[in-house]
There are 2 protein chains.
Amino acid sequence: MNTDLVLKNIAKHIQLTPTEQAHFVYLMKPRSLKRKEMLLQEGEVSRHSAFVTKGCLRSYTLDKNGYEHVLAFAPPDWWIADMYSFISQKPGTLYIEAMEPTEVLMLSKADQQQLYADIPKFERFFRIIVENAFVSSQQRLLDNLSLTAQERFRIFCQKYPSLVTTLPRKQIASYIGVTPEFFSKMMKTV
Amino acid sequence: MNTDLVLKNIAKHIQLTPTEQAHFVYLMKPRSLKRKEMLLQEGEVSRHSAFVTKGCLRSYTLDKNGYEHVLAFAPPDWWIADMYSFISQKPGTLYIEAMEPTEVLMLSKADQQQLYADIPKFERFFRIIVENAFVSSQQRLLDNLSLTAQERFRIFCQKYPSLVTTLPRKQIASYIGVTPEFFSKMMKTV
DNA sequence: CCTTTTTCTTAACCTAGGTTATTTTTTCCC
DNA sequence: GGGAAAAAATAACCTAGGTTAAGAAAAAGG
């Protein structure tokens with residue numbers, strides 16, 4: 001069980017004693033997912049947030065015409081959840097699916113709350129994580145409002161160089177907000 | 001100086017003793033802005049986050065063609081900042097401008113950090129604030145990827161009923177991601 | 001290694017929304 | 001209250017990106 005990665009992830013923002021580390025690791029429940037296996041589906045309550053140690057997850061919604069819209073990719077070293085559902089503990093709108101065989105460590109909402117009470121440093125840790133996620137969500141919003149698909153693709157390449165080569169193109173197309181057909185057309189003109 | 005509003009805002013998420021309240025209020029520096037006055041401009045470092053007690057602020061970027069894209073509106077009871085710049089203390093990309101005569105209470109980055117150290121409950125408070133902001137930014141992103149301008153406008157009306165009637169239409173158009181000309185065309189067809 | 005499924009490409013045609021330009025209406029502010 | 005500035009409306013024309021359909025290529029998974 002690979003807990004090194006998550007401890008390093010945490011160490012970027014807060015410092016834990018060995019005892020605290022052990023306690024945290026104890027709360028993280030490992031889970032393996034096969035390709036296409038779902039970690040969460042629309043209508044379910046997100047009772048855990050997941051830290052990816054191997055493989056890759058994606059979160060997406062289905063619109064009323066049945067088209068998927070990718071909200072996020074989570075390669076190793078990333079946290080992912082249906083944040084709305086996780087914080088409200090109400091049914092969410094997101095699907096979270098493994099793009100390939102994937103390993104995650106899951107922290108339950110209850111354990112996270114307990115962790116905030118027991119080790120207040122975690123309150124800081126998750127504040128910082130969410131601050132960064134918020135900034136990058138806002139930036140992506142502005143990019144969608146002000147840039148062409150071409151430019152958004154260029155930014156995607158800079159931000160996720162490793163995913164550009166490994167992910168199916170239709171997934172990238174969905175993330176930057178175009179159809180696979182248009183994405184294909186676009187790639188010819190570069 | 002209206003500190004009632006901000007104390008109520010805080011009381012929604014954490015409970016402060018009278019002493020803690022007094023200390024917090026002491027750190028909040030009031031500022032008045034005239035219509036069109038700028039609280040922050042592109043290239044500046046956002047050294048404060050602002051809580052609006054009266055009036056209304058907006059944050060926006062300028063794209064390379066000189067068009068504005070509204071990121072957020074902040075009526076009373078809202079916090080606003082260039083989050084990227086505020087957390088990194090590097091030059092940001094946002095403008096923050098008063099839409100009308102506006103009163104804010106400003107909390108400096110340094111005072112916020114000190115507050116985290118002195119009264120750890122504030123770490124929780126701002127975590128919760130940012131979590132909610134993140135969820136709503138993600139939802140708006142998905143709305144932009146999957147809905148028509150018409151539908152986004154309907155959502156805007158639900159979410160900010162008070163702003164629909166008071167804000168210039170071109171500002172709403174910018175927020176939902178269309179030109180004022182198209183917005184005008186759209187409104188005829190309802 | 002072979003079959004099934006998924007992904008990618010191409011192409012013709014379509015539309016939501018953008019652009020430019022002009023006029024009308026409203027709001028600001030002295 | 002009146003002149004200037006900003007906002008809104010209208011209309012003709014334009015384009016980035018969507019839709020539909022169908023075949024080619026590539027992976028997945030036994």
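Heavy atoms only: backbone and side chains are in, while hydrogens, waters and symmetry mates are out. In what follows, chains are A, B, ... by sequence order, proteins preceding strands, each numbered from 1.
Salt bridge status for A:Glu37 with A:Arg31: present, with a side-chain N to carboxylate O gap under 4.0 Å.
Overall bending of the helix from C:dC1-D:dG30 to C:dC30-D:dG1, expressed as the angle between end axes built from five pairs apiece, is 80° (10° steps).
Figure legend: cation-pi geometry between B:Arg127 and A:Phe122 absent, as NZ or CZ is not positioned both under 6.0 Å from the six-membered ring centre and within 45° of its axis. Annotation: cation-pi pair A:Lys90/A:Phe86 absent, no NZ/CZ under 6.0 Å from the ring centroid and within 45° of its normal.
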Would you check, one step at a time, whether the test side chain to side chain contact (heavy atoms under 4.5 Å, CB included) holds for A:Gln171 with A:Phe73?
-> CA-CA 9 Å; A:Gln171 301 298 340; A:Phe73 295 114; 4.0 Å; yes
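B:Glu151 and B:Thr148 form a side-chain donor-acceptor contact under 3.5 Å, judged by distance and modelled atom types alone. Between the side chains of B:Asn9 and B:Trp78, not a single donor N or O lies within less than 3.5 Å of an accepting N or O. Judged purely by distance below 3.5 Å, without hydrogens or angles, the side chains of A:Thr93 and A:Glu42 never pair a donor atom with an acceptor atom. A side-chain donor from one of B:Ser32 and B:Glu103 sits under 3.5 Å from a side-chain acceptor of the other.
The nearest whole Å value for the distance from the CZ atom in B:Phe182 to the P atom in D:dC14 is 19 Å. Rounding to whole angstrom units, CZ of residue B:Phe183 and C1' of C:dG17 are separated by 14 Å. Rounded to whole Å, the distance from CG on B:Leu145 to P on D:dG18 is 10 Å. Atom pair B:Glu97:CD and D:dA6:P shows a separation of 11 Å (rounding to whole Å applied). A straight line from CD of A:Glu100 to P of C:dT6 spans 17 Å, rounded to a whole angstrom. Between A:Met186 atom CE and D:dG18 atom C1' there is a gap of 14 Å when expressed in whole angstrom units. Rounded to an integer number of Å, the gap from A:Lys185 NZ to C:dT7 P is 21 Å. Rounded to an integer number of Å, the gap from B:Glu37 CD to C:dC29 P is 12 Å.
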Contacts under 3.5 Å, N or O only, protein and nucleotides 28-30 of chain D:
| unit_1 | atom_1 | unit_2 | atom_2 | d |
| --- | --- | --- | --- | --- |
| D:dG29 | OP1 | A:Arg35 | NE | 3.2 |

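Applying the under-4.5 Å side-chain rule to Ile, Leu, Val, Met, Phe, Trp and Tyr, the cluster around A:Tyr67 consists of that residue alone.
In terms of the side-chain hydrogen bond (donor to acceptor under 3.5 Å, both in side chains) criterion, B:Glu44 has no residue partners (sequence neighbours excluded).
A close approach under 4.0 Å does occur between a side-chain nitrogen or oxygen of B:Thr179 and OP1 or OP2 of C:dG18. Considering only side-chain N and O atoms, B:Arg152 lies under 4.0 angstrom from the phosphate OP1 or OP2 of C:dG17.
In this structure, of C:dG17, C:dT20, C:dT9, it is C:dT20 that holds the atom nearest to the side chain of B:Glu181.
At a threshold of 4.5 Å between side-chain heavy atoms, the hydrophobic network of Ile, Leu, Val, Met, Phe, Trp and Tyr places B:Val25 and B:Phe51 in one connected group.
Between A:Tyr60 and A:Tyr175, the distance from one ring center to the other does not fall under 6.0 angstrom.
Under a 3.5 Å cut-off, the side chain of B:Ser85 and the backbone N or O of B:Ser46 do form a donor-acceptor pair.
Of the residues in residues 61-74 of chain A, not one comes within less than 4.0 Å of DNA chain D through any heavy atom. Residues of residues 166-178 of chain A that place a heavy atom closer than 4.0 Å to DNA chain C, in numerical order, are A:Pro168, A:Arg169, A:Lys170.
Side chains of A:Leu94 and B:Leu142 form a contact here, defined as non-hydrogen atoms less than 4.5 Å apart.
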